[in-house]
Structures are given as C-alpha cells and as structure tokens.
Amino acid sequence: MSERKRLQRTRNIGIIAHIDAGKTTVTERILFYTGKSHKMGEVHDGEAVMDWMEQEQERGITITSAVTTCLWRDNELHLIDTPGHVDFTIEVERSLRVLDGAIGVFCAVGGVEPQSETVWHQADKYRVPKIAFINKMDRLGADFSGAVAQMRDKLGARPLVLQIPMGAEAEFIGVIDLLRMEAVIWDDYTLGLAYEFTAIPPEYEEQAKANRIELLESLAEVDDTIMEKYLADEVLEPEDLLPVIRQATLKLQMVPVLCGSALKNKGIQLLLDAIIDFLPSPLDVPAVVGIHPETGEKETRASSDKEPFAGLAFKIQMDQGRKLTYVRIYSGTVSAGAEVYNVNRKQKEKVARIFQMHANKRERRSKVGAGEIVAMVGLKSTTTGDTICALDRPILLEHIEFYEPVISIAMEPRTRADEDKTLQSLEKLAEEDPTFHFRQDPDTGQTIISGMGELHLDILVNRLLREYAVQVNVGKPQVVYRETITKAAEAQSSFDREIAGVLHYAQVELHLEPRPRGKGNRFRDLVRNGSLAKSLIPPVEEGVMESLESGVIAGYPVVDVDVAVIGGIYKEQAASELAFKVAASTAVQEGCRKAQPQLLEPIMSVEIIVPEEFTGEVINDLNIRKGKIEGVHTRRSVKIIHATVALSQMFGYSTALRSASQGRATFTMQFSHFDSLVEKKELFF
C-alpha cells in the first residue's frame, strides 16, 4: 500500500464525554464489531478490555486513557478511550493534543453535563473536528431532541442530525438514517452483529421527512451545489451529501449527530461508518507547526514518511518497572534501535523498542511512520509534552498545558523499610501524571501529595499499595490555597556579600500591584533613567518569579500580581546575576508584606441532579456550606441545581447528598476559580 493511501485510511480519534455517558461501553462495542475482541466486556462486570487497571474494574470508571488499534472498512483506527471524571481531565487534555478527531458521547437522559462541556471546549481549543453520539436511548427519561438542543445551547455547536431514534426508553427499536431515508434495525440474537436497512415505518415517515428537510437546508447553506439541486427539487443521494458533510465537519462548521444504545448493541456500526466518512485522516489535518530551537524560526512538518522525523510524547506509563512513552508521530519514520533528539531536554535518546498498544497488551513493531500512535521503550529522560525528532532537523512542538492541583493530603510511610521505596514510587507516579505533585514538609517531615480531587488522591494512594507495595498512613484532605495582594506597594532590597573571595553587590527597587483575578503574574521592566543595565533585568525577573512561588502568609504560590522593576544600584566590579536574583527575591517578599496579602481558596462549580421532592433539602445543605446558588432548572421530573461552593466545604459531600436524597441524587464538581476567603478559617499551617 502506498504511503498516501495508508495515511488516507488512518484515523486518530478519541472518545470524550462526561463520566457514565457510556464511553467505555461504546469502545468495547467498537472492538467487538471490528473483530479486535471476541467478547464484549461490560464496565459494570469489571470486564471491559480498555479498563485494564484493577481499580478501573473495581470502581467501574475509566482512570487512565487507553490506546488501541482496530480495522473498519480497510481503515486503521487508532482509538483512545479517555476518562470522564473531572479529576482525570489531564488524560483528556493530553489525548486531544495529539488526536485528529473526536467522538463526543452524550447520555440521552443527562444531555450535556458539566464534564461534557469541559472536554468539548478542550477539543475546540485544539480545533479537533467532532461527531456526536447520543447514547442510552433505551434509558428511562431518554430525550434525543433535548440532548441535541443542549448541544446547541451549552456547547455553541451546530448539530447536524443524521439519524433520529425510532422510539425511546423501553420502546427504542432502532434508528432512521436520514441520508438514505431508511430505517435500521439490529438483531438482538446476534448481539447486534447483524442489522438491516428497511422501509421507514409509517408512524415515523412525517417526522423523518421534516428532519430530512432540516438536514438538506443546513447543508445547502454551506454548499452551492446542494443549494442548486435542493431548490430545483432534484433527488439528492447519499453520495452527494457525504463529501459536503465531511468538509463541514473538518472545517468545524457542523457536528454530525448520531444516536443509539451501546449497551443494547444498537448504532455502533453506523458510528464506525461516520468515523471513516467524516473524521479527518492525518492528510486532512494542517501540517504541524513548531519552532527551530536554535533560531526560533517557525518550522512545519507535513504528515509524510518522507519528512524529517518529529513526534510528541503525550503520556508516560510505568509497566512492570519499565517506562512506556506514548508518542504521536507527526512526520517521518523511526525504527527500533534508532537515536532521536529530545528538544526539551537537549539530549539524545535511544528508542530501544516500539510497541503497537491494545490497552495493556502490546505488539512489537520494527518501524513506524507518520500518523501513527505507538509506545516506545528506552526514552529515559522524555516526559509528557516533550518533542522528539531527527538529530539533524530539530523542531520544538507546542507543549501540553497542565492543571494545578487543588487538594492535598499528608502521608508518611508506616515502617522505616517503606521510607526509601516511598520517594521512588512517588517520583514514578508524578512522572506518569503531571497533575500529581509531592513535596516534603520541612516542619513535620511528612510528605504532602497534591492532586485534582479526593478520588484522584485516593486512587494514587491505592496504587502505592498495589503496584509498589508501599504502606502509608494518610491524613485528612487539605485544600491547596493561593496567595495574592490587595493593594499597590513599593519595596527595596539589597544584597552585599563576599562569597569565595568575590564581592557580590546589588540593590533592586520594585513596584507591586494586584491584577484582576485569573490574569496570572506579570513582570515588567520600568527602570527609570537607566539605573540598571539591561543585562541585569533577566536575573531580576528570575528572582521575582521564583519568589512568587512561595507567599508570605503560609507559603502558598502567589498569583495575579504585577511586579515592575523601577530602579536599582549596581557596582561595575561587583554586579552579579546571583546578587540581583537574591535582591529581587527579597524585595518581592518585602513588597508582598506591605501590600496587604490575602489567601485565596479554590471555588468549585457544582451541578446536582436531584428528584424534585428532595430539592429543598439539597439547597438548604448548600446554604449551610455557604454555597452560592447560580440557578435551578427543571428537566422532566428532576431539578438541576447549579452552584459554586468553596472546595473546603465539599469534603464528604457525596455521603451528605446520598443521605439528603435517599441515594437518588447525583452531583459533579469541577474547579472554577480562586477567590478570597469568605471568612477566616482555621487553617492547618
């Protein structure tokens, strides 16, 4: 097969959604119908192929993104199943960074839920074309048109409905394909392997015609040929419509919408067809853009084996003591045993082995090329977000953004024998997960681990025990605060010391003022009258930024501060980078003390789905927790409560909510922003 044909028949796609929308079940059906697996694994039985970790099987949730490869219509699908829980958003972020297309799975009952919005906007950030699959049409309360309307309202998407369901809830029997204007029925006796296209039942004919007209009118808006044929009342065949839908999808103008029930084995084969028909191949994606690490000039790499090798490491996984580095290859080829260059670390690395992954199973490859997603062994220094490339043609690709932890717990080894293993194990976990941080508390000697939520930390502590056989005692969760200043101030500091017989002297004057919340820190050079040489500004900036990593109230990072260097004094023979860095750092601390420092706490956005009769109790509980009710909406027989609540007030909330609603309410929570403490709390410093 020619290189171009191979790339045309490649799809790098991810499945993204809110927790419990059915992503993993959809993936399991895809593997079954493509012949990759011969038994459907069910999430609720702990047998899903893609949920291979013990804790995933026990908890019935996806924790880590898993990669697999399968074939459909002679096309090779590289598929990543991502987690839906907010604590593991980084898994979605780094997957979307390297994917060409995505399938957004929505629950027909819940519609567009909070984490669905988060992952959808993550995909928008990377300009990833998407198709939508409205799942769980068999569930009580399923509402296809409601879910489509929410896509329009909440996501700002333009849904292009290609299928409508025949029936809903227990009466869901199949779908109507609006491209062919035929009904599709799946055979329950063959687990959905057999399906047939039949005439549309009379009771659905009128609805199908109305939806077909909507479909054609939407396509006529983006294609003149469709417009002419539609106005001339000519018959439009699927062959006329498919290329137009594909182009509208690739340009992010529209989102094709399909429906079905993965658990009941309905709709998956048509979803696979849509992946091939509408989502991009590596050839449809613009050439990846980076910069030359030496010159800083823009460089591009087209998706071709003939281009210089370039790839992005997007995930690290420790497997039986060995480090697997997942790499998306954007251009060129690489063979096992080859030397590559890690641009971020500025060092050579050797690719010992290359594997094609299927969840946690692997197949050895001797050589791989553009457009593939593989795992490599041997890249010792490479970590998440690093670019690896050809030694003689370096390029630095855009890095992956990571999230800052919002919750911490203190832990310590149970025995002296566990002490050495603990640090090594934590380092391995931190290398796998960029949102997991740890540090030693110099006062207590305890290790403080930080993550994205209670579940995140609970799973990491469990992994310490199971995978690394480390026994630890764990304290109560603690909130990770931030610090800021509330007024402008000026500060001056000097450094005058002899070190190893060399005199170091510097004096720095800074102006500090608060910035709007969420704007981050900023450094400016506003030196008056040339009192500092330009060459001394970089060490001043370095000292300022390092000092902002630890505040004056309780040592938390300082955020949303504008720091300007406005003056200083230097002596020609004694001016050193060290002196100016230390002087700047001390001046920042002094300035923060003068500028009325303040603690900021993480505020969470909470959505609660609760039966109507328990709404009062739930709202009352939120008020006790000093939450702010943003809105209450009705959806069929349930209320949707939107609120913002300080993270410190949300510990143990799942138990309280179950108690208040007899176990019938559910909630999701994600980080919203940092804000000042509403009242003085008893902090743990």
**Request:** With rounding to the nearest 0.5 Å, note down the distance linking NE2 in H78 to CD1 in I373.
**Result:** 6.5 Å
**Request:** State whether the side chain of D305 and the backbone N or O of T333 hold a donor-acceptor pair below 3.5 Å, judged by distance alone.
**Result:** no
**Item:** Residues S605 and S672: side-chain donor-acceptor under 3.5 angstrom
**Value:** no
**Asked** Can you name the nearest heavy-atom pair linking I245 to P256, along with the distance?
**Response** CG2-CG, 3.9 Å
**Message:** Just by distance, no angles: are the side chains of D284 and S281 close enough, under 3.5 Å, to form a donor-acceptor pair?
**Reply:** yes
**Request:** Return the minimal non-hydrogen interatomic distance between S331 and A370, and the atom names on each side.
**Result:** CA-CB, 3.9 Å
**Asked** Do any N or O atoms from the side chain of H437 and from the backbone of P434 form a donor-acceptor pair under 3.5 angstrom?
**Response** yes
**Message:** Could you tell me if the side chain of R517 sits less than 4.5 Å from the side chain of D675, heavy atoms only?
**Reply:** yes
**Message:** Please determine whether a side-chain nitrogen of the Lys or Arg among D433 and R463 lies less than 4.0 Å from a carboxylate oxygen of the Asp or Glu.
**Reply:** no
**Request:** Answer with yes or no whether the side chains of E513 and H511 bring together a donor and an acceptor at under 3.5 Å.
**Result:** yes
**Asked** Does any N or O in the side chain of Q317 come within less than 3.5 Å of the main-chain N or O of Y326, such that one atom is a donor and the other an acceptor?
**Response** no
**Asked** Name the one of V343, T382, V351, L397 that satisfies side chain to side chain contact (heavy atoms under 4.5 Å, CB included) with I388?
**Response** T382
**Backbone N/O of I15 and side chain of T82: donor-acceptor pair under 3.5 Å** = yes
**Item:** Geometric cation-pi criterion, R353 with F355: 6.0 Å, 45°
**Value:** no
**Prompt:** Can you find a pair of side-chain heavy atoms, one from F402 and one from I90, that are under 4.5 Å apart?
**Reply:** yes
**Message:** Could you go through R365 and E372, starting from their C-alpha distance and side-chain angles, then the distance that decides it, and tell me whether this counts as salt bridge (charged side-chain N to carboxylate O under 4.0 Å, His left out)?
**Reply:** CA-CA 12 Å; R365 298 279 302 275; E372 297 197 65; 3.0 Å; yes
**Asked** Quick one: do K323 and E431 make a salt bridge, cutoff under 4.0 Å?
**Response** yes
**Message:** Would the distance check show the side chain of K36 and the main-chain N or O of T69 forming a donor-acceptor pair, the cut-off being under 3.5 Å?
**Reply:** yes
**Prompt:** Going by atom types alone, do E91 and S65 pair a side-chain donor with an acceptor below 3.5 Å?
**Reply:** yes
**Other residues, nucleotides, ligands: >12 heavy atoms within 6.0 Å of K125 NZ** = yes
**Prompt:** For R127, does its backbone N or O pair with a side-chain atom of D124 as donor and acceptor, under 3.5 Å?
**Reply:** no
**Prompt:** Taking D100 as the fixed residue, which of R328, R11, K130 is the one that meets the salt bridge (charged side-chain N to carboxylate O under 4.0 Å, His left out) rule?
**Reply:** R328
**Item:** L600 side chain near Y481 side chain, heavy-atom distance below 4.5 Å
**Value:** no
**Request:** Run the salt-bridge test on K306 and E3 with the 4.0 Å N-O cut-off and return the result as yes or no.
**Result:** yes
**Message:** Checking the side chain of E483 only, and the main-chain atoms of P557 only, is there a donor and an acceptor separated by less than 3.5 Å?
**Reply:** no
**Request:** List the atom of A313, the atom of T383, and the distance in Å for their closest heavy-atom pair.
**Result:** CB-O, 3.8 Å
**Prompt:** Do we see a donor-acceptor contact under 3.5 Å between the side chains of D81 and T24?
**Reply:** yes
**Request:** Before accepting this row, confirm whether a basic side-chain N of the pair E299/R301 lies closer than 4.0 Å to the acidic partner's carboxylate O.
**Result:** yes
**Prompt:** Within a radius of less than 6.0 Å around CD of E297, do more than 12 heavy atoms belonging to other residues, nucleotides or ligands occur?
**Reply:** no
**Asked** Can you find a side-chain donor-acceptor pair between E93 and Y126 that sits under 3.5 Å?
**Response** yes
**Prompt:** Is a salt bridge present between E577 and K581, judged by a nitrogen-to-oxygen distance below 4.0 Å?
**Reply:** no
**Asked** Salt-bridged, D277 to R246, with N to O below 4.0 Å?
**Response** no
**Prompt:** Are any side-chain N or O atoms of S576 and backbone N or O atoms of A579, one a donor and one an acceptor, separated by less than 3.5 Å?
**Reply:** yes
**Request:** Determine whether V340 and V334 make a side-chain contact, defined as any pair of heavy atoms from C-beta on separated by less than 4.5 Å.
**Result:** yes
**Prompt:** Is S547 close to Q589 at the side-chain level, that is, under 4.5 Å between some pair of heavy atoms?
**Reply:** yes
**Message:** Quick one, I276 and L272 - any side-chain contact, counting heavy atoms below 4.5 Å?
**Reply:** no
**Request:** Give a yes-or-no answer on whether the side chains of E76 and T10 include a donor-acceptor pair shorter than 3.5 Å.
**Result:** no
**Item:** Residues K519, D562: salt bridge by 4.0 Å N-O rule
**Value:** no
**Prompt:** Are the side chain of D560 and the backbone of R515 linked by a donor-acceptor contact shorter than 3.5 Å?
**Reply:** no
**Request:** Give the minimum heavy-atom separation between L324 and A375, together with the two atoms involved.
**Result:** CD2-CB, 4.2 Å
**Prompt:** Side chains of R94 and V98: does their closest heavy-atom pair fall under 4.5 Å?
**Reply:** no
**Check: I409 and I448 side chains under 4.5 Å, non-hydrogen atoms** = no
